[in-house]
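First up is the structure itself, then whatever we jot down about it.
Every value quoted in this text rests on a predicted model; they were computed, and no experiment measured them.
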Amino acid sequence: MDYTFTLRTIYPYLGELREAAALTLALSVLAIVISLAIGTGIAVLRRSPSRPLRLLAGAYVEVMRNTPLLVILYIVYFAGPSIGLRLSSFQAALIGLSLNSAGYMAEILRAGLAAVPAGQFEAARSLGLSGVQMFRLVVFPQVFRTIYAPLGNQFITVILASSLASAVAVDEVASWMETVGSTSFRFFETFLVAACVYLVLCQAVNLVRIGIGRALFRSEAMGR
Amino acid sequence: MSTDWLSYLPLMLRAAGTTLWLSWLAMLLGVVGGVALALMRTSRWRGLRIAALIYTEFFRSIPILIVMFFSYFGVPLFLGRDLSPFAAATLALALHASASMSEVVRAGIESVGRGQWEAAQAFGLRYWLTMRLIILPQAARVIVPPSVGVFITVLKESTLASIIGYIELTKTGLLIRESTDGGFVPLLALAVMYFAINYSISLGGRFLEHRFHAGRPAPGLA
């Protein structure tokens, strides 16, 4: 094997890497925010009194959880123009990623809402709390505690999944690795660097999650 | 304009078979790797525990896509010979799946009570016999249901093999799209087929979960 590992060969490409990492980060953060919003809506719909709405929301979750993200991205990217939507690569990737992640977010939130005992709602109502007050003071704190850990995992999943945006021509980190690897033939170095970017992003989310979790939940009784 | 889509159905079905075969093989390797990693994670030796932890955390923190690129373009540099897209895809999926499976298996092993170990020891069983006869059969009921989820993930990740040029279901759909009018019917067909496959598997998984949690004795112990 006459391959010498040297990071120096990819110095010239580090400028592009910074832009690529910024794109990965922007795509992930936006997708997390949007999918959390859509997911919340769907989780609420799944508790709606109307049966068709519940079924529809349930179907959305099943479809998104059982269809590969890559196929969803291709559909958004290629089908957009045929229905008169002109989407940039970034927009298509963002939409696909958000729609997909929303299915998982909805499921996490559904589990969170289901973990609040019915008695809590009844007690809040009998105390005369308004809908908003009930949600803010009684429901949300309990839901938050249940969804906290899985939500953190989902954030990491979205960061990792954003790499598929390279398939619809978004120049993020995975795409950087593919391009620089195949022009410089330094596959070990590019792999290591790209892996490090994701590793740092994911472990950062993980550490922040653990840190905030400790600070938030320390004071409360953990033996619930 | 009117393409006879049905004429492509046999092609798509065969490609679905390819996807299933690729995913199944990767899952099988992933289970073997996952069990090995889980044994390391629960081992008495610190070195083994740390090595397995690093492996698991590493593969859970990097996207399967770049593992796929690496195994297709990078590993041949190391081996001195090219890997076929199939071999590269299987390797990448298996590396990734073994990290997920190791967490699942570890949770299963840890779910078996301390007393089982002590009882086995009292009977004079060694580590391997205890593992094989006492611990793993009981851990299986905790391991099997989430493994179905891991398999579905592998199946969905197998779409990425299309990116390194392996002609499985996704690549077949894209090729059909290119050779016809470029509409999105083939893509929609892809989505439907993947959904049908994965949803059936997840229904099967739910059935298994039902059986395993119905208060029956663990398999192998009855």
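The parts of B/I66 that come within reach of chain A are both its backbone and its side chain, each placing non-hydrogen atoms under 4.5 angstrom from that chain. With a threshold of 4.5 angstrom between heavy atoms, B/T170 approaches chain A through side-chain atoms but not through N, CA, C or O. Interface residue B/S162: only side-chain heavy atoms are found under 4.5 Å from chain A. When heavy atoms are compared at a cutoff of 4.5 Å, B/R60 approaches chain A solely by way of its backbone atoms N, CA, C and O. For chain A, the nearby parts of B/Y194 are the backbone and the side chain; heavy atoms of each come within less than 4.5 Å. The part of B/L174 that comes within reach of chain A is its side chain, from C-beta onward, which places non-hydrogen atoms under 4.5 angstrom from that chain. Within the 4.5 angstrom heavy-atom criterion, atoms from both the backbone and the side chain of A/E62 approach chain B.
Contact residues of residues 93-108 of chain A toward chain B are A/Y104 (heavy-atom distance under 4.5 Å). Annotation: residues 158-178 of chain A contacts chain B through A/L160, A/S163, A/L164, A/S166, A/A167, A/A174, A/M177, A/E178 [non-hydrogen atoms, separation under 4.5 Å].
More than 12 heavy-atom neighbours from other residues, nucleotides or ligands sit within 6.0 angstrom of CZ on B/R49. A 6.0 Å sphere centred on CH2 of B/W5 holds more than 12 heavy atoms belonging to other residues, nucleotides or ligands.
In this structure, CD1 on B/I62 lies 13.0 Å from CG on A/L201, to the nearest 0.5 angstrom. To the nearest 0.5 angstrom, B/I197 atom CD1 is 11.0 Å from A/T67 atom OG1. Rounded to the nearest 0.5 angstrom, A/Y74 OH and B/R177 CZ are separated by 10.0 Å. With rounding to the nearest 0.5 Å, the separation of CG in A/L199 from CZ in B/F58 is 6.5 Å. Rounded to the nearest 0.5 Å, atoms CG (A/N66) and OG (B/S202) are 5.0 Å apart.
By the 30° and 60° cut-offs, the orientation of the rings of B/F73 relative to A/F187 is parallel.
Taking the six-membered ring for Trp and the full ring otherwise, A/F188 and B/F70 have centroids separated by under 6.0 Å.
Note: B/A191 leads B/A191, B/A196, B/G173 in heavy-atom pairs under 4.5 Å with chain A.
Contact detail for A/Q203 and B/S61: the closest heavy-atom pair is NE2-OG, 2.9 Å.
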